[in-house]
Structure formats: C-alpha cells, structure tokens
Number of protein chains: 2
Amino acid sequence: MSAVNIQVWAVDALGALAHETRLAVFRMLVTAGPDGMIAGTIAEQAKVPPSTMSHHLATLERAGLIQAERESRLIHYRADYEGMSKLLTFLMKDCCQGAPDMCADIFTNLTCNG
Amino acid sequence: MSAVNIQVWAVDALGALAHETRLAVFRMLVTAGPDGMIAGTIAEQAKVPPSTMSHHLATLERAGLIQAERESRLIHYRADYEGMSKLLTFLMKDCCQGAPDMCADIFTNLTCNG
DNA sequence: TTCATAATTCGATATTTCTGGAATTATAAA
DNA sequence: TTTATAATTCCAGAAATATCGAATTATGAA
C-alpha cells in the first residue's frame, strides 16, 4: 500500500468514499471514535442488507480507510485515521504549491472548534 | 449546488476525483494557478483524445471543482478553489468531532511549507 | 455433536461509468 | 462566404460497479 504510486492509491481511496452508503459509513466510524462499530450494527443503521454492506466495508478496508478486527463472532470496524490523514495531506499538497492564498484560507476555516 | 444536502454533493465531488485522468487534471489545474490551462493543452498533456477529455472536464465542472471560461476559440479551465475548500472542510469536520487527536496531527503535518 | 448467530463470499443481474470516432457548434481569418 | 481551428455533443459498445438472496465459513453455546 505504500510502495505504489500515491496517486493510484488516492484514486482508490476517493472511489471508496464516492458512494452515498460508504461515505455515510465512513463518517459514522470516524465519529464513533476508536471503539468503532460492529458490522451488523453498521448495516442496520445504514439500512442496507448485510451482504451488501459487507462489500462496502471490504471496499473501504482495501482502500486503507477503515480497519477490521474480529472479536469472537463479531467484527469490529473502525476508521483508519492514518489513511484518512494521508488522503487529506495528499489533496492539500498541491494547493499549497499552486495557490498558497487559498491554502491559507482553508487552514483559517479549519479549526477543530469551528 | 448549495441547497442540496452537502453529503450528496461530496459524493459527486469525490467521484469526480476518483479517476486517474481526472485527478491528474485537477492537480494540474491546481498547480497551474489562477490562469488555468486551455482544454487542448490539458488533453495533450494527459495524453487523452479531446472528446474523452471533454467528458472528464465536464464531470469536474459539474462537481464544482473546476471552472470554464471561453476566450474566443479557446476554453480556459481553472481550479475552483472554493469547491476544493468546501470538500476538504467537509471531510475534516467529522474527524474533529470523533478524533480530535488525529485532527490535530493532520494540522500539524499540513503547513504550506511542509 | 448439533444448533444458532454473525459475517462473508458466491453468483447472476442491473446499473453506471468510460471511451473515442463521427458529427456538430462556436469563433475567427482569408 | 468559404475555410480552418478549438472544443463539445452524440452515440454505441466496452468495462467497471452495485445489489442482494442463497450458500458458506467462523465461532461459540447447548
């Protein structure tokens, strides 16, 4: 996941998020924090059949945006903060180069309390 | 573009970027700065036929990530910094809520000179 | 073992997206 | 008006994604 061209990976990660259900799930897991959520609960909350959700979760996991961990019969999914961070960093790098003004604007608007 | 649910728009914007050629074009335009680039040049640089590129440019424009402006026979495309900023802000909002630690990390790593 | 539960993988269809040559539109020069 | 250039839109086939019931795997309890 790290030897390959980062842009190729970014396309994958963006594609994983470019879906109504998957984006909702990802946001759900990010706000759920480190404990994450159980597969079944995720499917239920998103109102999607388990088998469909399983595909979506696999897509997000392959893209390095979430992580799975089995605990007996349940599987916990949690956001992969490193992947998330990597994607955001990648997206921002170029603006900084090409349009530092706007980059500054973004930083101004983005505080954890705003 | 602003009355509709922002998550719906985000899915669209992410989808627009989730393509090797389109992501490359978008980055090209971001680094090109406010002058932007001409459609033909973009197609040439990306090694893609004009008609194919036209579709991709339209996709990015519909998603609010780039803007087009005709100047006689040429059409200039430039990055839409507002759209970009909106997308990044949207993606970050949740992490701040769910994982302020990581959010802080991202901010630390992201400076226009790093 | 046998049964029950949680989740995934299989398989087959439906839908969406991608691609690029041909035709068309927009603009300007001869 | 005629010709040329830049770009888009049309169209149709190819490729990739999405969906979800049924079958399967993994785990634990009776």
Side-chain angles (χ1 to χ4, degrees), chain A residues 4 7-29 32 35-80, chain B residues 7-26 28-29 32 35-80:
Chain A
V4 200
Q7 176 164 323
V8 172
W9 168 78
V11 166
D12 228 56
L14 290 164
L17 294 176
H19 185 285
E20 178 127 34
T21 302
R22 287 195 301 261
L23 182 55
V25 166
F26 180 68
R27 296 180 68 198
M28 218 185 253
L29 290 177
D35 283 349
M37 291 172 70
I38 288 158
T41 310
I42 299 172
E44 206 175 345
Q45 288 237 1
K47 296 187 181 109
V48 158
S51 100
T52 302
M53 182 53 74
S54 192
H55 288 300
H56 289 317
L57 291 169
T59 299
L60 286 165
E61 195 188 11
R62 272 195 307 274
L65 292 168
I66 67 174
Q67 291 173 328
E69 189 181 356
R70 175 152 230 149
E71 187 172 330
S72 94
R73 267 183 297 192
L74 312 176
I75 299 190
H76 284 264
Y77 283 94
R78 71 187 100 261
D80 183 329
Chain B
Q7 177 165 323
V8 172
W9 167 78
V11 166
D12 227 56
L14 290 164
L17 293 176
H19 185 284
E20 176 128 36
T21 301
R22 288 196 299 264
L23 182 56
V25 166
F26 180 69
M28 221 184 252
L29 290 177
D35 283 348
M37 289 172 72
I38 288 158
T41 311
I42 299 171
E44 206 176 344
Q45 288 236 2
K47 296 191 181 107
V48 159
S51 102
T52 302
M53 182 53 73
S54 194
H55 290 301
H56 289 316
L57 291 169
T59 299
L60 287 166
E61 195 187 12
R62 272 196 306 274
L65 292 168
I66 66 174
Q67 291 174 329
E69 190 181 355
R70 174 153 230 150
E71 188 173 330
S72 97
R73 267 182 297 191
L74 310 176
I75 299 188
H76 285 263
Y77 282 96
R78 71 187 100 263
D80 183 329

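We name chains A, B, ... by the order of the sequence lines, and we start the count at 1 in each one. Only a predicted model underlies this, so the values are computations on that prediction, with no experimental measurement involved.
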Using the 3.5 Å cut-off, write out each protein N or O paired with an N or O of nucleotides 10-14 of chain D and the distance between them.
from, atom 1, to, atom 2, distance (Å)
D:dC10, N4, B:His55, NE2, 3.2

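Partners of A:Ala58 by side chain to side chain contact (heavy atoms under 4.5 Å, CB included), not counting sequence neighbours, listed by chain and number: A:Arg62. A:Leu74 meets the side chain to side chain contact (heavy atoms under 4.5 Å, CB included) test with A:Ile38; sequence neighbours excluded. Residues satisfying the side chain to side chain contact (heavy atoms under 4.5 Å, CB included) criterion with B:Ser54, sequence neighbours excluded, are absent altogether. Residues meeting the side-chain hydrogen bond (donor to acceptor under 3.5 Å, both in side chains) test with B:His56, sequence neighbours left out: B:Arg22. Residues satisfying the side-chain hydrogen bond (donor to acceptor under 3.5 Å, both in side chains) criterion with B:Gln7, sequence neighbours excluded, are A:Arg27.
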Scan the side chains in residues 42-50 of chain B for donor-acceptor partners under 3.5 Å anywhere in the protein, sequence neighbours excluded, and list what turns up.
none

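Near-neighbour residues of DNA chain D inside residues 19-28 of chain A, defined by a heavy atom below 4.0 Å, number-ordered: A:His19, A:Arg22. Contacts of residues 69-79 of chain A with DNA chain C (heavy atom under 4.0 Å): A:Arg73, A:Leu74, A:Ile75, A:Tyr77.
Residue contacts for B:Pro49: at a heavy-atom cut-off of 4.0 Å it reaches the sugar-phosphate backbone alone, with no base atom in range. Across all strands, B:Ile38 comes closer than 4.0 Å only to sugar-phosphate atoms, never to a base (heavy-atom distances).
Between A:Ala39 and A:Leu57, the shortest heavy-atom contact is CB-CD1, 4.3 Å. Shortest non-hydrogen contact noted between A:Ala63 and A:Trp9 is O-NE1, 2.9 Å.
The phosphate of D:dT19 has OP1 or OP2 within less than 4.0 Å of a side-chain N or O from A:His56. Contact between the side-chain N/O atoms of B:Ser54 and the OP1/OP2 oxygens of D:dT8 is found at a separation under 4.0 Å.
Remark on DNA chain C: of its neighbouring residues A:Ala39 and B:Ala18, the 5'-side contact belongs to A:Ala39, judged by nearest-heavy-atom nucleotide.
A side chain to side chain contact (heavy atoms under 4.5 Å, CB included) with B:Leu17 is found for one member of B:Leu23, B:Val25, B:Asp12 and no other, namely B:Leu23. Of the options B:Asp80, B:Leu29, B:Leu60, a side chain to side chain contact (heavy atoms under 4.5 Å, CB included) to B:Leu65 is made by B:Leu60 and by none of the others.
In this structure, CE in B:Met37 is found 11.0 Å from NE2 in B:His76, a value given to the nearest 0.5 Å.
Put simply, chain B comes within 4.0 Å of DNA chain C, heavy atom to any atom, from C:dC18 to C:dA28, going 5' to 3'.
A salt bridge (charged side-chain N to carboxylate O under 4.0 Å, His left out) check over residues 66-79 of chain A, counting only residues at least two apart or in different chains, returns the pairs A:Glu69-A:Arg78.
End-to-end axis angle of the helix from C:dT1-D:dA30 to C:dA30-D:dT1, from C1' rotation axes over five pairs per end: 10° (rounded to 10 degrees).
Within the 4.5 Å cutoff, side-chain heavy atoms of B:Thr21 are placed close to those of B:Met53.
As rounded to whole Å, 13 Å separates atom C1' of D:dA16 from atom CZ of A:Arg62.
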